[in-house]
Every structure is written in structure tokens, then in C-alpha cells.
Amino acid sequence: GTLLMQNVVVNSDAIIGVNTLVNVGTCVAHDCRVGDHAHLAPVTQLAGRSSVGSGTFCGTATVVLPRVAVGEWVTCGAGSVVTKNLPDGCVAYGVPARVVSVPAVEA
């Protein structure tokens, strides 16, 4: 169920999960990890050893810098540059990407 669209580059030792969409012009650099059910929108750039968790959506032209981890079920806004690790379930956007919403804590 994983779909790699036109002009996608997946470099050595990268792992892409099941049921994942890697859209047009995206680059997944060496040693990256992309979880199950993720969506990398067009022209997303994952630098070496970065990771994107399961269920995460990276908007068009998102850049994740080297060794940065984006958690599970995160939404990254279009054009964001992720310079620091992002926690599970948050919404982040901007340059640099800033967390603007976190999931409610259940009691």
C-alpha cells in the first residue's frame, strides 16, 4: 500500500513504512525512517538520519534537518523547516517550525 510518486529519491538505508504516500519530488535521504501511514506532500525534504513517525503529515515543501525526529501523528505546515524534534500529536509550522498545538491530556 505504499506509494512513491514521480521524481522521488530514496537514498541508501532509508526505511519507508506501509500504507505511506511519498509524493512528487520528495527526497528521503540516507538512513531516514518514515513510519506507517505517513504522508509526505510534494517536495518534502528529509535530511540524513531524520525520521517521521507513523501517521504524520508533512505539508508541501517541508524540510526536516539532519538527525531531527518528527513524532507520530504530527501535522507540519507547508513550507516548514523542522530544526528540532517534534512531540507526538502536535501541529507545527513556520521557519523554524514551532509547535502551535499539542494534544489534550486525558485524565
Side-chain angles (χ1 to χ4, degrees):
T2 294
L3 180 60
L4 304 178
M5 298 301 288
Q6 305 93 317
N7 300 318
V8 165
V9 175
V10 178
N11 283 319
S12 63
D13 296 321
I15 296 174
I16 297 176
V18 300
N19 193 37
T20 294
L21 172 58
V22 182
N23 220 318
V24 175
T26 291
C27 179
V28 179
H30 66 89
D31 303 297
C32 287
R33 303 291 178 260
V34 179
D36 298 340
H37 317 294
H39 178 168
L40 305 180
V43 200
T44 294
Q45 305 295 304
L46 303 184
R49 296 184 186 252
S50 62
S51 63
V52 171
S54 295
T56 289
F57 172 75
C58 292
T60 299
T62 294
V63 175
V64 181
L65 294 185
R67 298 180 185 265
V68 172
V70 177
E72 296 185 347
W73 301 99
V74 172
T75 299
C76 295
S80 295
V81 177
V82 184
T83 60
K84 296 181 181 176
N85 295 350
L86 295 178
D88 293 347
C90 74
V91 174
Y93 58 83
V95 179
R98 299 190 192 284
V99 175
V100 296
S101 174
V102 293
V105 176
E106 294 183 27

task = May I ask whether V95 and L46 are part of the same hydrophobic cluster, defined by side-chain heavy atoms of I, L, V, M, F, W, Y residues being less than 4.5 angstrom apart, directly or through others?
result =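 Linked within one cluster.
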
Which donor-acceptor pairs under 3.5 Å do the side chains of residues 80-90 make with protein atoms, sequence neighbours left out?
| from | atom 1 | to | atom 2 | distance (Å) |
| --- | --- | --- | --- | --- |
| S80 | OG | G77 | O | 2.7 |
| S80 | OG | G94 | N | 3.2 |
| N85 | OD1 | A69 | N | 2.9 |
| D88 | OD1 | E72 | N | 2.8 |

inquiry  = If we check side chain to side chain contact (heavy atoms under 4.5 Å, CB included) with Q45, which of these qualifies: L40, V63, L65, V9?
reply    =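 Single pass found, and it is V63.
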
request  = Only pairs at least two apart or in different chains count here, so list each side-chain hydrogen bond (donor to acceptor under 3.5 Å, both in side chains) that has a residue in residues 46-55.
outcome  =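 For residues 46-55: none.
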
request  = Can you tell me which residue pairs pass the side-chain hydrogen bond (donor to acceptor under 3.5 Å, both in side chains) test with a partner in residues 55-66, sequence neighbours excluded?
outcome  =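 Applying side-chain hydrogen bond (donor to acceptor under 3.5 Å, both in side chains) to every pair that reaches into residues 55-66, excluding sequence neighbours, yields nothing.
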
task = Could you list all the side-chain hydrogen bond (donor to acceptor under 3.5 Å, both in side chains) pairs where at least one residue sits in residues 26-39, not counting sequence neighbours?
result = N19-H37

query = Does I16 reach the side chain of V22, with side-chain heavy atoms less than 4.5 Å apart?
reply = yes

ask   = When hydrophobic residues are tied together by side-chain contacts of less than 4.5 Å, even through go-betweens, does I15 share a cluster with V74?
value =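 In one cluster: no.
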
request  = Output the distance between atom CZ (F57) and atom CG (L21), rounded to the nearest 0.5 Å.
outcome  =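 It is 9.5 Å, given to the nearest 0.5 Å.
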
key: Residue pairs passing the ring pair (Phe, Tyr, Trp, His ring centres under 6.0 Å) test where at least one lies in residues 67-99, sequence neighbours excluded   = none

query = Residues in side chain to side chain contact (heavy atoms under 4.5 Å, CB included) with A29, at least two apart?
reply =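 With neighbours one apart ignored, the set is N11, C32.
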
The single option from V52, V34, L4 passing side chain to side chain contact (heavy atoms under 4.5 Å, CB included) against T20 =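 The option that passes is V34.
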
ask   = How close do A14 and V28 get, heavy atom to heavy atom, and via which atoms?
value =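 Minimum heavy-atom separation between A14 and V28: CB-CG1, 3.9 Å.
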
